[in-house]
Amino acid sequence: MMISPETYYELNLKDKNEKELLSVIRGLKNKIGHLKNIMEHPDYQPLTKPDEATQIWCMKLYLERAIQALKDMGGTYIPSKAELKVEEFNNNIPNIKEINFRIGGFTYGHTDYTFKFDDNKSKKIISKMLDEVVELSLEDKDDFLDGFAALNIGEWRLNYDTERFGYCVMDGTQWELEIHYSNGNKTKSYYGSNAYPYNFNKLLELFEYDYEDEEDDDVRLNYTISLDDKNELLLQMYKKAKELPFGTEISTSDLLSMIFKNSSYIDGKYIYDDLVLEMKDMFSIDLEFKTTAADNGIEIDDTIHTGEVLGMPFHIGFLIKSY
């Protein structure tokens with residue numbers, strides 16, 4: 001259970017001296033950094049309550065309150081380089097003239113978003129492959145930029161990839177964000193491949209990104225295992241899914257672990273008894289199971305986490321509704 005900043009002050013900050021307050025501040029920063037790392041891991045699933053995103057939001061409020069308490073007692077707070085970087089980024093937001101955002105993958109193409117700002121006018125352009133949709137707005141520029149500022153993009157890494165966590169993933173989803181300024185400041189660029197900042201879903205919400213637009217029934221499946229092994233694996237998954245109670249939320253990786261006696265992850269490979277699945281096998285089996293479940297008498301809801309950035313799709317839960 002999270003508490004209000006004032007309650008936090010009464011319980012943790014009141015009557016502390018400068019040294020003690022600085023220690024609390026360092027502790028809160030470390031906790032926030034740890035929670036971000038948890039959320040940015042490819043296997044992340046929100047298992048705690050409140051979830052990590054809520055905890056980060058609360059701890060940032062506690063951090064603000066702790067810094068204010070330090071200043072109120074006459075203490076000096078020296079921002080870190082990372083905090084100064086965030087402040088500089090946010091101070092420069094009114095000077096943004098254009099934002100370019102691309103997201104997608106080799107199998108289903110990319111969607112490009114362009115936001116152009118000129119005085120009080122804003123223009124949004126969405127382009128997917130050869131199709132282009134242009135939306136004009138004269139009223140929402142300030143609201144949009146306020147929402148953009150709330151993302152604290154200044155604290156993002158410049159590059160996100162799964163190798164940071166010991167994963168090597170080919171293809172999948174790539175994204176790129178570029179921010180251009182009207183005052184001569186250098187363009188800011190951020191990039192990711194199958195990995196995302198902890199609050200990336202908030203960026204997608206701001207851009208009104210539609211996950212369903214990226215779905216493609218002709219997505220190419222790519223396996224390293226034999227066709228017989230793949231078909232047998234799917235049959236076992238259908239069978240096991242039908243043994244579970246209605247309303248069960250489970251992921252593809254969890255379902256596989258229930259089928260086999262032993263499961264492990266070694267050097268980028270998922271091993272189930274004697275069956276070795278590479279990352280591309282996991283992506284493909286997840287997609288094929290979800291798209292063929294209904295044909296095999298199983299109704300699932302694989303949209304329950306749509307819009308959330310949780311990690312690898314085969315680790316993200318779906319709901320068994322009926323069979």
Side-chain angles (χ1 to χ4, degrees), residues 35-56 103 105 108 162 165 167 169 172-173 192 194-202 204-205 209-217 219 221 230 233-265 269-272 275 277-323:
L35 289 168
K36 288 179 182 177
N37 285 334
I38 290 175
M39 293 186 69
E40 290 171 0
H41 194 282
D43 292 340
Y44 169 67
Q45 296 186 59
L47 301 178
T48 62
K49 291 186 178 180
D51 61 20
E52 287 79 6
T54 302
Q55 292 181 56
I56 290 174
I103 185 170
Y108 52 81
T162 56
F165 299 98
Y167 289 78
V169 183
T173 299
N194 301 298
Y196 314 90
Y198 74 98
N199 59 349
F200 190 71
N201 59 314
K202 297 298 183 183
L204 299 183
E205 290 175 5
Y209 173 73
D210 190 346
Y211 284 86
E212 294 183 358
D213 282 349
E214 301 298 347
E215 295 178 359
D216 190 335
D217 293 336
V219 170
L221 301 175
K230 184 264 291 186
L233 186 57
L234 284 169
L235 286 174
Q236 292 298 319
M237 293 174 69
Y238 301 141
K239 180 180 178 180
K240 179 58 66 175
K242 290 181 179 179
E243 295 175 0
L244 301 175
F246 298 157
T248 297
E249 181 179 344
I250 192 168
S251 66
T252 295
S253 58
D254 289 336
L255 192 59
L256 290 172
S257 295
M258 295 177 68
I259 295 172
F260 296 92
K261 292 182 179 180
N262 301 297
S263 61
S264 60
Y265 175 79
K269 301 182 188 297
Y270 292 81
I271 304 173
Y272 297 94
L275 182 65
L277 300 179
E278 295 189 7
M279 195 69 71
K280 63 176 66 176
D281 296 309
M282 294 295 289
F283 275 107
S284 297
I285 203 71
D286 174 74
L287 178 59
E288 191 162 356
F289 174 80
K290 290 173 179 175
T291 55
T292 59
D295 295 334
N296 290 273
I298 307 168
E299 183 184 2
I300 67 170
D301 181 358
D302 63 345
T303 66
I304 57 175
H305 292 296
T306 294
E308 302 176 37
V309 179
L310 304 180
M312 299 297 185
F314 45 83
H315 291 313
I316 301 175
F318 54 85
L319 202 66
I320 299 176
K321 300 180 69 175
S322 65
Y323 42 76

Listed by chain and number, what are the side chain to side chain contact (heavy atoms under 4.5 Å, CB included) partners of [X], not counting sequence neighbours?
{"X": "Lys242", "value": "Ile298, Tyr323"}
{"X": "Ile271", "value": "Ser264, Ile266, Val276"}
{"X": "Ser263", "value": "Ser257, Tyr272"}
{"X": "Asp301", "value": "Thr303, Ile304, Leu319, Lys321"}

Nearest non-hydrogen partners of Asn194 and Thr162, listed with the distance: O-CG2, 3.4 Å
Closest non-hydrogen atom pair, Leu244 against Ile250: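 For Leu244 and Ile250, the tightest heavy-atom pair comes out as CD1-CD1, 3.9 Å.
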Report yes if some heavy atom in the side chain of [X] is under 4.5 Å from a heavy atom in the side chain of [Y]; otherwise report no.
{"X": "Tyr44", "Y": "Asn37", "result": "no"}
{"X": "Leu256", "Y": "Leu277", "result": "yes"}
{"X": "Lys230", "Y": "Leu233", "result": "no"}
{"X": "Ile285", "Y": "Met237", "result": "yes"}

Tell me, please, which residues at least two apart from [X] pass side chain to side chain donor-acceptor pair (under 3.5 Å).
{"X": "Lys240", "result": "Glu243"}
{"X": "Thr248", "result": "none"}
{"X": "Glu278", "result": "Lys269"}

Verdict with supporting geometry, Glu249 and Ile320, side chain to side chain contact (heavy atoms under 4.5 Å, CB included): CA-CA 6 Å; Glu249 181 179 344; Ile320 299 176; over 6 Å; no
Euclidean distance, Tyr265 OH relative to Met282 CE, rounded to 0.5 Å: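 Taking CE in Met282 and OH in Tyr265, the distance rounds to 10.0 Å.
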CG-CG distance between Asn296 and Leu235, expressed to the nearest 0.5 angstrom: 7.5 Å
Residues forming a salt bridge (Lys or Arg N to Asp or Glu O under 4.0 Å) with Glu52, sequence neighbours excluded: none
is_close_aromatic(Tyr270, Phe314), centroid dist under 6.0 Å: yes
Pair Thr54, Asp51: side-chain N/O donor-acceptor within cut-off below 3.5 Å: yes
Any side-chain donor near an acceptor of the partner, His315 and Ser253, under 3.5 Å: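 Ser253 and His315 do have a side-chain donor-acceptor pair below 3.5 Å.
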Residues that Phe289 engages under ring pair (Phe, Tyr, Trp, His ring centres under 6.0 Å), provided they are two or more places apart: Tyr238, Phe318
Which residues share a ring pair (Phe, Tyr, Trp, His ring centres under 6.0 Å) with Phe165, sequence neighbours left out: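 Here the qualifying residues are His41.
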Exam field: side chain Ser284 to backbone Asp281, donor-acceptor pair closer than 3.5 Å: no
Glu40 side-chain N/O to Tyr198 backbone N/O, donor-acceptor pair under 3.5 Å: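 Yes.
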Intermediate values then yes/no, side chain to side chain contact (heavy atoms under 4.5 Å, CB included), Thr252 and Ile316: CA-CA 8 Å; Thr252 295; Ile316 301 175; over 6 Å; no
Any pair counted as salt bridge (charged side-chain N to carboxylate O under 4.0 Å, His left out), so long as it reaches residues 252-261, sequence neighbours left out: none
